[in-house]
Amino acid sequence: MDDPRSVNRPSPSTSMSTSTSTSTSTSTSTSTSLQSFEKTFNRPPEVLADAGGRVNLIGEHTDYHEGYVLPAAIDLRTRVWGARRNDGILHIRSLRAEGEAQAEIRSLAPPGKGWQGYALGPIWALREEGVHVPGADILIDGNVPFGGGLSSSASLQVALTGLVLALAQEPDPAGANALRRAPMDVARLARKAENGFCGVPCGIMDQVASACGRAGHAILLDCRTLERIEVPVPAGWAIVVADSGVKHALGTSEYAKRQSECASGLEVLRQRHQGLGALRDVTLAMLEPWEGKMPDTVYRRLRHAVTENERVLQARSALESANADAIGKLLFASHESLAKDYEVSCPELDLLVDVAAHVPGVIGARLTGAGFGGNTVNLVQADRAESAAAGIVDGYARRTGKRTNAVVVKPSPGLSVQWL
Ligand code: GLA
């Protein structure tokens with residue numbers, strides 16, 4: 001999900017500005033990070049791992065129902081530097097947060113708390129899988145916004161899993177690709193860290209996007225089989241994320257509540273459909289006879305998941321045929337379903353989507369990620385990307401008197417790991 005320091009309150013409007021590039025991000029340069037590592041640990045790092053934040057084009061709250069999602073890794077990134085120690089101790093610092101994490105690997109045990117929990121979780125998950133980790137000094141940096149629904153936590157855990165897997169091996173020649181595991185395996189381990197160490201019951205979408213992304217592509221992921229298909233984003237389209245200024249709280253009760261509401265609905269459906277596995281297996285034809293025969297809230301939760309899966313499959317075709325009209329309708333319909341049926345939106349996200357619908361160059365818009373705050377994703381005509389981003393910011397300011405931030409993000413590669 002997202003950064004554990006998030007709180008449910010609007011960001012100060014004064015800190016926001018219009019921007020149509022990511023170059024103004026808070027990430028320090030590579031050389032500054034290297035210097036910080038050397039200053040902090042009195043030696044150079046050995047390995048660098050770099051993982052993507054993610055934007056989800058469509059397929060929200062479907063991954064934990066074994067459904068379909070269509071996310072992309074983006075050029076907002078998390079980078080981690082590390083060097084081995086031989087004493088079984090972890091020293092972890094972050095250029096983005098106060099404090100440090102220090103722990104003995106053999107004593108790591110959940111629950112993890114704060115950013116330190118997110119940093120230690122992957123090492124716990126690797127130890128649980130029998131990977132021998134010798135101890136490490138680690139420095140974290142990056143520019144994925146915290147609490148923005150763009151996978152700051154998943155990208156951290158993917159990057160750390162890749163880093164520590166490399167540190168657990170014999171060093172490679174300088175510059176060689178140090179990732180000897182399939183990126184999907186890294187995603188699985190990173191999710192295990194978030195579920196098992198941080199106690200967040202997330203699905204696997206964020207970790208797969210962060211680890212397996214490909215430049216210029218979204219990933220159609222079947223969250224049951226983990227089969228993935230890379231779908232090119234048409235050259236004439238671009239992606240803008242717009243910040244609602246509301247930080248969503250992590251692992252909040254509402255996310256888990258949606259899961260238990262859906263589980264109770266599935267139980268009802270099983271009265272007529274014995275052996276029904278997951279919500280992914282439910283069709284609208286199976287669901288509709290139950291309207292009015294189960295609590296309305298539960299019915300709407302199920303309807304969202306069922307219709308959203310359909311929308312993802314249609315969105316794939318719309319991307320492949322560069323059908324702007326079709327994908328625009330799907331994105332707006334997804335948002336409406338998330339707002340009305342799944343009830344995971346908030347007034348700021350609804351307004352951003354409504355504003356975007358009237359901005360020239362915008363093809364479609366919806367909330368992205370878990371919701372309750374964070375960002376909207378806007379598919380826009382590439383030749384109008386910057387003016388569309390500015391139009392969203394201006395429109396939002398006109399309607400609320402508040403500034404917000406909208407940036408163009410690029411579908412990008414997933415995890416890379418290298419010896420330095
Ligand atoms: C968060 C979770 C994901 C997914 C989305 C909603 O980002 O981490 O697994 O459930 O919410 O689609």
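Note that these values count all heavy atoms, side chains included, but never hydrogens, waters or copies made by symmetry. Order of listing sets the numbers, starting from 1, for every ligand and every atom in it.
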Close-contact set for ligand 1 against R54 heavy atoms, below 4.0 Å: 7 (O)
Shortest non-hydrogen contact between A72 and P411, atoms and distance: CB-CB, 4.2 Å
Which atoms of ligand 1 sit under 4.0 Å from any heavy atom of D63? 3 (C), 4 (C), 9 (O), 10 (O)
Within the 6.0 Å centroid threshold, strictly below: F37 and W81: no
Is a side-chain donor-acceptor pair under 3.5 Å present for Y68 with R316? no
Taking non-hydrogen atoms only, is R191 closer than 4.0 angstrom to ligand 1 via side chain, backbone, both or neither? neither
Are H217 and V233 close enough, and set up right, to give a side chain to side chain contact (heavy atoms under 4.5 Å, CB included), and what steps lead you there? CA-CA 5 Å; H217 291 69; V233 176; 5.8 Å; no
Please tell me whether S210 and R54 have a donor and an acceptor in their side chains that are separated by less than 3.5 angstrom. no
Those atoms of ligand 1 less than 4.0 Å from some heavy atom in G203: 9 (O)
What pair of heavy atoms forms the shortest contact from K402 to Y396, and how long is it? O-CD2, 3.7 Å
Mutual orientation of the aromatic rings belonging to H304 and Y342 [parallel < 30°, tilted 30-60°, perpendicular > 60°]: tilted
Between T368, V344, D206, flag the one that comes closest to atom 8 (O) of ligand 1 by a heavy atom. D206
Going by distance only, is there an N or O of T62 that falls short of 3.5 Å from an N or O of ligand 1? no
For the 3.5 Å polar cut-off, considering only N or O atoms, please tell me whether Y255 and ligand 1 meet it. yes
Could you tell me, atom by atom, which parts of ligand 1 come under 4.0 Å of a heavy atom of M205? 4 (C), 5 (C), 12 (O)
Which ligand 1 atoms, with their elements, are less than 4.0 angstrom from a heavy-atom of C202? 2 (C), 8 (O), 9 (O)
Y64 neighbourhood, listing ligand 1 atoms whose heavy-atom distance to it stays under 4.0 Å: 10 (O)
